[in-house]
Structures are given as structure tokens and as C-alpha cells.
Amino acid sequence: MCLAVPAKVIDIIDLLATVEVGGITRQISLMLLPDVTIGDFVLVHAGFAIQKVDQEEARRTTELLKELAGYAE
């Protein structure tokens, strides 16, 4: 199963972005989406931004992931 997680882009240097997911930051590649800008929301899979999403879609997806995590406990 593949899972992509929504993240907010908070910094970009060349094709390397710093993103925030649930209060945690990490660096990802923008090689597949070079037109992303600071403040955009993206889906992250395996360290790569694979799709731009709007803020509302990112919020809904995050809520669904939290709900799924609750079922796993």
C-alpha cells in the first residue's frame, strides 16, 4: 500500500524543500514538482512531493489519517 501525506512547504533551496507535517519538519525533493512555492501544500511520498493540493484537501486528508490512526490503536 502506498501512502502520501499532505505537508506544507515552509522553505525551498533549489529543488530541496523543508515541509511541515503535524509539527514535524523534514526535507523532501521537489524534483517531480519544480513549480511549488513556499506556502503550497503537497502530497509527500518516499521523500518526494508528488502532487500539489489545496489547503482544504490537505486538511481533510490529515483528518482522515488521524481517524485511521485511531482505529489502529
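Here, residue 1 is the first one in the sequence, and each next residue gets the next number.
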> With a 4.5 Å limit on heavy-atom distance, are the side chains of Pro6 and Leu65 in contact?
Replying inline: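 In contact.
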> Are Val9 and Val42 side-chain neighbours, meaning at least one heavy-atom pair lies under 4.5 Å?
Replying inline: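 They are in contact (side-chain heavy atoms under 4.5 Å apart), so the answer is yes.
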>> Would you say Phe48 ends up clustered with Ile12 if hydrophobic residues are merged whenever their side chains have heavy atoms under 4.5 Å apart, either directly or through other cluster members?
In response: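 No, because Ile12 and Phe48 fall into different hydrophobic clusters, even though each may have its own neighbours under 4.5 Å.
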> Among the clusters formed by ILVMFWY side chains lying less than 4.5 Å apart, do Leu43 and Val36 turn up in the same one?
Replying inline: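 Not linked; separate clusters.
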>> Keeping His45 on the side-chain end and Val5 on the backbone end, is there a donor-acceptor pair under 3.5 Å?
In response: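 Checked: no pair found.
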>> Enumerate the salt bridge (charged side-chain N to carboxylate O under 4.0 Å, His left out) contacts for residues 35-51, please, sequence neighbours excluded, ordered by first and then second residue.
In response: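 Pairs touching residues 35-51 that pass the test: Asp40-Lys52.
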> To which residues is Ile10 joined in a hydrophobic cluster, defined by side-chain heavy-atom contacts under 4.5 Å among Ile, Leu, Val, Met, Phe, Trp and Tyr, whether direct or through other members?
Replying inline: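 None; Ile10 is a cluster of one.
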Show which side-chain atoms of residues 53-62 pair as donor or acceptor with protein atoms under 3.5 Å away, not counting sequence neighbours.
| from | atom 1 | to | atom 2 | distance (Å) |
| --- | --- | --- | --- | --- |
| Asp54 | OD1 | Glu56 | N | 3.2 |
| Asp54 | OD1 | Glu57 | N | 2.7 |
| Glu56 | OE1 | Arg59 | NE | 3.2 |
| Glu56 | OE2 | Arg59 | NE | 3.4 |
| Glu56 | OE2 | Arg59 | NH2 | 2.5 |
| Thr61 | OG1 | Glu57 | O | 2.9 |
| Thr62 | OG1 | Ala58 | O | 2.8 |

> About how many Å separate CG of Leu32 and CD1 of Ile50, when rounded to the nearest 0.5 Å?
Replying inline: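 Rounded to the nearest 0.5 Å, the CD1-CG separation comes to 8.5 Å.
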>> Working to the nearest 0.5 angstrom, can you tell me the gap between Leu68 CG and Glu63 CD?
In response: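 Rounded to the nearest 0.5 Å, the CG-CD separation comes to 11.5 Å.
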Report all side-chain donor-acceptor pairs from residues 13-31 shorter than 3.5 Å, counting only partners two or more places apart or in another chain.
| from | atom 1 | to | atom 2 | distance (Å) |
| --- | --- | --- | --- | --- |
| Glu20 | OE2 | Gly22 | N | 3.2 |
| Glu20 | OE2 | Gly23 | N | 2.2 |
| Ser29 | OG | Met31 | N | 3.0 |

